[in-house]
Amino acid sequence: MKLDQEPKLLRTIAIVAAVYLAFAWLIDDKYYQLILTIVPIWAMMGIAWNVFSGYSGLVSFGHAAFFGIGAYTVALAMIGFNLSPWFGIPLGTVAGVIASVLVGYPTFKLRGVYFSLAMLAYPLTLLYIFEWLGYQEVTMQMVRENSWMYMQFKSQYTYIVVSTVLVAIAVYISGRIHASRFGLSLTAIKQNEAAAEGAGVDAAAWKLRAIMVSGAIAAAAGGYYAVVLIVVTPPSVFGMIASAQAMIMALFGGVATVWGPVIGAAVLIPLSEILHAELGNQVHGIHGVVFGLAIIAMILYAPEGLLPRLRDAWRRRNGGAADDAADAQRRTVDLPAAASAERPPIGEQIVLKVNDLSRAFGGLKAVSNVSFEVRQGEVLGIIGPNGAGKTTLFNLLNGFIRADQGSVQFGASELIGLKPNQVCRLGVGRTFQVVRPFPRMTVLQNVVVGAFAAEQQDDDRAVELARQALDRVGMLKHEQVLAGGLNSLELRLMELARVLAGQPRLLLLDETLAGLGSEEVEVILAVIRRLADEGQTIVIIEHTMQAMVRIADRFLVLDHGQVLAVGKPAEVVRDPAVIEAYLGKKWMDHAKH
Amino acid sequence: MSAVIFFENLMQAVIAGLLIGSVYGLMCVGLGLIFGLMRVINFAQGEFLMLGMYGAFYVCTWFGLSSAVGPIVGAVVAGVLLYLLGMGLHKSLLTKATGIKVAGTEGEGHYPQLILTLGISLVLANGALIIFGNTPLSIRTPYSGSAWELGPLVGDDMLLFFNKARTIALVVSVLVAIAVYQFVHRTRIGKSLRAAADNPSAATYMGIDVERSHRISFGIGAAITGLAGGLIASYYPFQPYIGLDFVVIMYAGVVLGGLGSMIGAFWGGLVIGLIQQVSTLFLPLQLQNAMIFLVFLLIILFRPQGLFGKNVERV
């Protein structure tokens, strides 16, 4: 199976485009024809916004920047160099891509509302700069002969055709993104960026790619907008309303869906234009009111947009009963059978070599001069009281936190200085103390994100790896369930599967047993033991000594960021220093007697 | 000689910056109450300002107030009206959008509100266009075009002007800002507003009605910005779309001052006013606003915690 394939994307696009063009053929009125030309342009803007903000969750208020750059490139190239829009639009698209990199690169370091605010400032700055440059009103010259070579058509219908072709391309691009690791990685970033990074998703790279595609589509839309309207002014292309419209089309139709922005544009643009035509002369600003009310209504009544809303309603009517049956059936975790072969002996080869690793937060030495080794096939348990620095140690190993000093050798590679996604793709997988699922993705999709780390090219193969990983933890039956609906045992197992899908050579498990009941602990222990039997190298952090004694080959005891003891479990638990750290001085005296 | 002229121009720009900046400061205090305390980007803040302008204008016109106090009375009345509008919007719309998951973003509590305020902003701006029309208006008083003179200074060579309407606006702005600060920090209600903003769930356990507190904060924030709008209207022509020009100025000031700091927000607005006016010495008029946006971008990219705020970013 494919990831989340829009069924027969090309065919659907062809049908929708054909129906649209057939409908447009019937329209004679010049004004309505103009509306039909404009609808696809704003659909493109909606798609542009959606490809970036809808999937990544970074809400942009500034897509007018790309739109305007596209429009002005086309207009100025035509006026200044007599360059036909047939070349001007591709040129504008390139300009849009360049602008998106220049905008994205510095702005991505901002989060949440700050990102949105910064994005707001770009088009408004450009607006004033273009006014200052003297481009208050740029009108493209009419061409008398062979005017089609300059995208000037005798019939408005031709404009509609070009516009429809452009939006069809945009829908196709967006559909491909939706159904590939591109879309899934962005969605994972949106739902939990740290988890995505930890699972090997290069968040920075995906965001940059997304904004480049987005900037390209927006600039192409702007370029064609200039062709259709002939006159370009800074407020019309850089103004807030252009940015807002891009966002509104997507929000109204359905965020992170392929057809949402198209539906948004198909409903809202004719509505506001017709109102404008009927009432606009007496009532200026009716557009804006319609858009504003549309946003307010959507947020209050269908915050995910029209398309998902309709889809849900349709599903409830048709497939409700079947879903319930599947739901009842899935609630069992199939415990994996014990490994068939004997556990291979622990090898001599050193998988991980940590040397003199330190990290301080202000005056607090969270991890201080820690050194240890992990051998091939070994299960190393890291124990220590609360605040001993266990999780910080993991964060140092997989790159969430930068080390002050020390080195971490993993095979031939040095891990210090790498980003979490790079560490993951080298073959170090980790789980989190507090489970970090991608709540609104299915279990399978969650795990597929992890599988991308191991399978860089082939998406189908990644799905296969994800299935295998789910099978290894006994969660295959859950694959179509949304992760948000899982209980804590299932979440732990799913996270484990997500790591395993990346085919790690080394597994870092951070308190995988936390918050589970005793029966659930048995399930996880069985899974971990089976992994060990298969020869998997594991480092596991755990609080509870009883559980650890049963799975770990060796203990490493941390206290106040320092290594207190290393050795076989039986030796370590008798070490007076360990007893003191764990139970206090009184108990140590007690133990002596 | 030319050095003296430059110095005179610079001083005049600084004065203009202070006069305008103090009103910016007041707008920023209003926004700061909303953004800093509730962490919601309120897009409609610019429209609150615009409505304050129209409110003050119509109060002055209907009641025939044309003296120095006219715009002040108008601004205060507009402030009260906006308090009611802000409370109403918060109760009827904003609270309805909290907690709804838009687009499945993690920690997205604020996104619905943010997008909602964009909708409100569009409705208010374009609704105002429908009702008031797009002819630029301003409140004309005898003070709008006259100035107090300071000088001659520096051996008869320098004369500094203080526009009367702007000077009055400065005095009112500073007084209102101080009053709001005292209210928020000294009174019981003010303390509960801050508590509700700081930690809503803890405040709830302490018996504070958080939703009501947020509603009051939102109302006061709208009122103060509306009042500032009324003051600006006494010397600056306005039309229904003017909010957008100011909304970025407001956010620039608030971010510059550091989130959650009311004093910081006032200084932030003041600094933005100074930058805007002093930049006229070096830049063409059209680029004045571009300059502000640029400064805003630089602030947000390099010191998102503001000049007066502490860096609280966590991994």
Side-chain angles (χ1 to χ4, degrees), chain A residues 53-54 57 59 61 106-107 109-114 116-118 120-122 124-129 131-132 187 190-194 239-241 244 247-248 251 255-256 283-300 303-305 395 400-401 438-441, chain B residues 35 39-41 43 93 96-97 100-108 110-116 118-131 133-134 240-241 244-245 247-248 251-252 255 283-297 300-302 304 313 315:
Chain A
S53 295
V59 174
F61 291 147
T107 321
K109 65 177 209 160
L110 300 172
R111 312 239 157 247
V113 292
Y114 288 104
S116 305
L117 279 175
L120 175 68
Y122 292 110
L124 296 178
T125 309
L126 286 172
L127 192 158
Y128 287 111
I129 289 176
E131 283 192 343
W132 170 67
T187 312
K190 168 159 94 172
Q191 299 191 7
N192 195 323
E193 186 163 344
M240 184 63 210
I241 200 95
M247 194 162 109
I248 292 162
L251 283 171
V255 168
V283 194
H284 292 287
I286 193 83
H287 269 89
V289 174
V290 170
F291 284 140
L293 290 176
I295 302 180
I296 294 172
M298 286 321 282
I299 288 290
L300 294 182
E304 283 176 65
N395 284 341
F400 275 121
I401 302 178
F438 308 124
R440 294 169 70 87
M441 286 161 52
Chain B
F35 184 49
R39 296 290 149 97
V40 173
I41 292 190
F43 254 114
L93 295 177
K96 302 274 161 48
I100 299 175
K101 297 191 184 284
V102 165
T105 325
E106 185 195 18
E108 73 265 62
H110 295 324
Y111 278 110
Q113 290 188 334
L114 184 149
I115 293 160
L116 190 65
L118 177 67
I120 295 172
S121 141
L122 284 171
V123 172
L124 291 179
N126 293 287
L129 185 65
I130 294 173
I131 295 168
N134 58 2
Y241 284 152
L244 194 64
D245 288 342
V247 85
V248 178
Y251 277 104
V255 173
L283 287 175
L285 198 65
Q286 294 108 313
L287 285 189
Q288 241 186 63
N289 278 336
M291 182 70 192
I292 290 178
F293 297 149
L294 216 60
V295 169
F296 173 58
L297 270 177
I300 217 168
L301 290 175
F302 294 106
E313 202 183 332
V315 180

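Atom set for the values below is all heavy atoms of this structure, side chains included, hydrogens, waters and symmetry mates excluded. Reminder, nothing fancy here: chain letters follow the sequence lines and each chain counts from 1.
Inter-residue side-chain proximity for A/Ile295 and B/Leu116 is flagged as unmet; no heavy-atom pair is nearer than 4.5 Å. Under the 4.5 Å side-chain criterion, counting only non-hydrogen atoms from C-beta, A/Trp132 is not in contact with B/Gln288. Between B/Val255 and A/Tyr114, some side-chain heavy-atom pair lies under the 4.5 Å cut-off.
Of the two parts of A/Phe438, neither the backbone nor the side chain holds a non-hydrogen atom closer than 4.5 Å to a non-hydrogen atom of chain B. For A/Met247, the part sitting under 4.5 Å from any heavy atom of chain B is the side chain, from C-beta outward, and nothing else. Heavy atoms closer than 4.5 Å to chain B are found in the side chain of A/Ile241, but not in its backbone. For chain B, no part of A/Leu126 is nearby; none of its heavy atoms comes within less than 4.5 Å. Residue contact with chain B, scored on non-hydrogen atoms closer than 4.5 Å, involves the backbone and the side chain of A/Ala118 alike. In this structure, chain B has a heavy atom under 4.5 Å from the side chain of A/Leu120, while its backbone stays farther away.
Interatomic distance, B/Phe43 CZ to A/Met240 CE, rounded to the nearest 0.5 Å: 4.0 Å. Rounding to the nearest 0.5 Å gives a distance of 5.5 Å between CG of A/Leu124 and CG of B/Leu244.
Residues B/Leu297 and A/Ala121 come closest through the heavy atom pair CG-CB, 3.7 Å.
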For residues 118-129 of chain B, which side-chain donor-acceptor pairs fall under 3.5 Å, sequence neighbours excluded?
residue	atom	partner	partner atom	Å
B/Ser121	OG	B/Glu47	OE1	3.1
B/Asn126	OD1	B/Tyr241	OH	2.5
B/Asn126	ND2	B/Leu122	O	2.8

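Note on ring orientation: taking the six-membered ring where Trp is involved, the planes of A/Tyr128 and B/Phe293 are tilted (angle from 30° to 60°).
Applying the side chain to side chain donor-acceptor pair (under 3.5 Å) rule to A/Thr107 yields the partners A/Tyr122; only residues at least two apart in sequence or on another chain are considered.
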